[in-house]
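Contents: one structure, followed by commentary.
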Amino acid sequence: MDAVGTDFGDGADRAGPDIVELGAIRRLAEPLEFGCPLHYDRPLATQLGYRDVAVPVSGILSFTIAPVWQPGAPAVFTDPARDAQPERSGTTPRFTGLEPPTTAYFAAEAAADYLTPVVVGDQLWRRGNRLVACAPKQTRVGRGAFTTWESEVRNQRDELVARLRNTAYLYVPHGEVAAPPAAALEPVVEEPIEQRPVDWGRQRWWDDLTVGEPLGAIRFPLSVYRLVMAAGSNRDFNSIHHNTEWARATGAEEMYANVVFLQGMWERCVREFIGVRGTIRQLSGFRMRSFNTVGDTVTVQGRVVRLWEESGIGYAELRVWSNNRHGVSVGPGSVVVTLPRRPSGAGTRAAPWRPTFSPT
């Protein structure tokens, strides 16, 4: 706790292992069933001002995760036991060296400012590793602390891509499987759900938004197959996300969806609302309230809560949350977006428009 405010990054940039390529973007979108053409259609993406096909903002973190193994490194798979873990992992939580020992962890909260789009051909670096909060707490699964870290993501041009703030809960499990307390969760907000194919040629204009307007709700059934696909695509291989016994040993009821997959669910819901000419600028309040476990269905919903203009750009704040069978499981949080202003005489059919990205 005394180290809050200290940067443990040692001034070193940590390069992501791979240059962004189209197949990796496809694999990120596949388990989400995320069909936005910005993430596969090069002519459309470049027409709209992107240098190439764009990475979903929820997938930026995946391109900064260190490899489990690379040429010249010592072996990491040394134990044939069924649930043996590798000697090293790119998703191991960050440590200061000052905390007491813990044996389990999970991602608990995320926030981000998205400043420059990441596209095919980019390579990303993480810069900084500042501890911004440490809150010890006894929870349903054990005793530990919520630790929040802040870092920058930059590309090969040294452009600031994003500021990320990620919270992990580091703890010692108390040895019992915890059931989520219903009293701690908000009630499920039921809305009619009719998931139709998205017409990406139609554009929602900022001028037509109204406060209180709902986002289209989307259901995400969670099977083992889908969780494995998600882990393989976003590179969060932690066994809590694909191994029942391992997850239960940490106090969860079952294997559960990882944070990048859950953020991707929010992004798909938001993107289908704002269209290809909208931009996603900021995420906050993305807090895991209960595990989204295999066999459950996650429903993402939202509504418009605020509208404003800055320098002629139309902004909107969207309140977004995820429901599962226990109630609200993620959020409610805030996603700040921009949408294009309606050109004079324009209908709903999309017209050429260049997105602008700048720090806000």
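Scope of the values below: all heavy atoms of this structure, side chains included, with no hydrogens, waters or symmetry mates. The model shown is predicted, which means the values in this text are computed figures rather than measured ones.
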Fill in: For T102 against Y171, the heavy-atom pair lying closest together
CB-O, 3.5 Å
Worksheet item: Is any NZ, NE, NH1 or NH2 atom of the basic residue among E109 and R165 found under 4.0 Å from an Asp or Glu carboxylate oxygen of the other?
Response: no
Discussion item. Does any part of the side chain of Q282, heavy atoms only, come nearer than 4.5 Å to the side chain of V335, both counted from C-beta?
Written reply: no
Worksheet, complete the sentence: Closest non-hydrogen contact found for L32 with R268 is O-NH1, 3.0 Å
Worksheet entry | Minimum heavy-atom distance between V172 and P101, given as atom pair plus value | CG2-O, 3.8 Å
Worksheet entry | Interatomic spacing from CG in L283 to CG in D113 - rounded to 0.5 Å | 9.0 Å
Fill in: In one Ile/Leu/Val/Met/Phe/Trp/Tyr side-chain cluster, 4.5 Å: V4, L170
no
Discussion item. Can you list everything that forms a side chain to side chain contact (heavy atoms under 4.5 Å, CB included) with S334? Sequence neighbours excluded, please.
Written reply: S284, E317, V336
Worksheet entry | D158/R127 salt bridge by N-O under 4.0 Å criterion | yes
Fill in: Shared hydrophobic cluster for V337 and L307 (ILVMFWY, side-chain gaps under 4.5 Å)
yes
Item to complete: Run the numbers on R14 and W125 for side chain to side chain contact (heavy atoms under 4.5 Å, CB included), then give the verdict.
Response: CA-CA 5 Å; R14 303 179 298 284; W125 277 261; over 6 Å; no
Discussion item. Taking R154 first and then D13, would you say they form a salt bridge - that is, a charged N and a carboxylate O separated by under 4.0 Å?
Written reply: no
Practice prompt. Work out which heavy atom in L22 is nearest to a heavy atom in V53; give both atom names and the distance.
Written response: CD1-CG1, 3.7 Å
Fill in: Residues E152, R130: salt bridge by 4.0 Å N-O rule
no
Practice prompt. If the plane angle is over 60° it's perpendicular, under 30° parallel, otherwise tilted; pick one for F106 and Y169.
Written response: tilted
Worksheet entry | Test item: side-chain donor near acceptor, W308 and E310, under 3.5 Å | yes
Worksheet item: Is Y40 reachable from I274 through a run of I, L, V, M, F, W or Y residues, each pair having side-chain heavy atoms under 4.5 Å apart?
Response: no
Worksheet item: What distance separates S233 OG from I25 CD1, expressed to the nearest 0.5 Å?
Response: 12.0 Å
Discussion item. Do V298 and M229 sit in one hydrophobic cluster, given that two such residues count as connected whenever their side-chain heavy atoms are within less than 4.5 Å of each other, even indirectly?
Written reply: no
Item to complete: For H39, enumerate each residue passing the ring-ring contact (aromatic ring centres under 6.0 Å, His included) test, keeping only those at least two apart in sequence or located in another chain.
Response: F34
Discussion item. Hydrophobic cluster membership, with links at side-chain heavy-atom distances under 4.5 Å among I/L/V/M/F/W/Y: are L124 and I65 in one?
Written reply: no
Discussion item. Restricting to non-hydrogen atoms, name the atom on T297 and the atom on P221 that form the minimum distance, rounded to 0.1 Å.
Written reply: OG1-CA, 3.8 Å
Worksheet entry | Test: E33 and R226 ion pair at under 4.0 Å | yes
Practice prompt. Would you mind telling me which of D7, L131, N166 makes a side chain to side chain contact (heavy atoms under 4.5 Å, CB included) with W149?
Written response: L131
Fill in: S58 OG to I280 CD1 distance, which is reported to the nearest 0.5 Å
7.5 Å
Discussion item. What's the separation between atom OH in Y50 and atom CG in L38, rounded to the nearest 0.5 Å?
Written reply: 5.0 Å
Worksheet item: Hey, mind stepping through M255 and V224 against side chain to side chain contact (heavy atoms under 4.5 Å, CB included) and telling me if it holds?
Response: CA-CA 8 Å; M255 66 179 83; V224 174; 4.0 Å; yes
Worksheet item: For N292, what residues pass the side chain to side chain donor-acceptor pair (under 3.5 Å) criterion, not counting sequence neighbours?
Response: N324, S329
Worksheet item: Sequence neighbours excluded, which residues qualify as side chain to side chain donor-acceptor pair (under 3.5 Å) partners of D122?
Response: R51, Q156
Worksheet item: Partners of D41 by salt bridge (charged side-chain N to carboxylate O under 4.0 Å, His left out), sequence neighbours excluded?
Response: none
Discussion item. Within this structure, what is the NZ-CZ distance for the pair K137 and F146, rounded to the nearest 0.5 Å?
Written reply: 5.5 Å
Worksheet item: Do other residues, nucleotides or ligands put more than 12 heavy atoms under 6.0 Å from the CG atom of D2?
Response: no
Practice prompt. List the steps, then state whether side chain to side chain contact (heavy atoms under 4.5 Å, CB included) holds for Y114 with I60.
Written response: CA-CA 10 Å; Y114 302 113; I60 289 174; 4.1 Å; yes
Discussion item. Restricting to non-hydrogen atoms, name the atom on G59 and the atom on L28 that form the minimum distance, rounded to 0.1 Å.
Written reply: CA-CD1, 4.1 Å
Discussion item. If you apply the rule side chain to side chain contact (heavy atoms under 4.5 Å, CB included), what do you find for L339 with L209, and how did you get there?
Written reply: CA-CA 9 Å; L339 285 88; L209 294 181; 3.9 Å; yes
Discussion item. Checking the side chain of D18 only, and the main-chain atoms of V20 only, is there a donor and an acceptor separated by less than 3.5 Å?
Written reply: no
Worksheet entry | Check: N323/Q301 side-chain N/O donor and acceptor closer than 3.5 Å | yes
Fill in: Where at least one partner belongs to residues 58-95, residue pairs that pass ring pair (Phe, Tyr, Trp, His ring centres under 6.0 Å), sequence neighbours excluded
none
Discussion item. To the nearest 0.5 Å, what is the distance between NE2 on H242 and CG on L227?
Written reply: 10.0 Å
Practice prompt. Before accepting this row, confirm whether a basic side-chain N of the pair D52/R42 lies closer than 4.0 Å to the acidic partner's carboxylate O.
Written response: yes
Worksheet item: Y105 and N238: side chain to side chain donor-acceptor pair (under 3.5 Å), yes or no, with the steps?
Response: CA-CA 10 Å; Y105 65 94; N238 192 329; 3.2 Å; yes
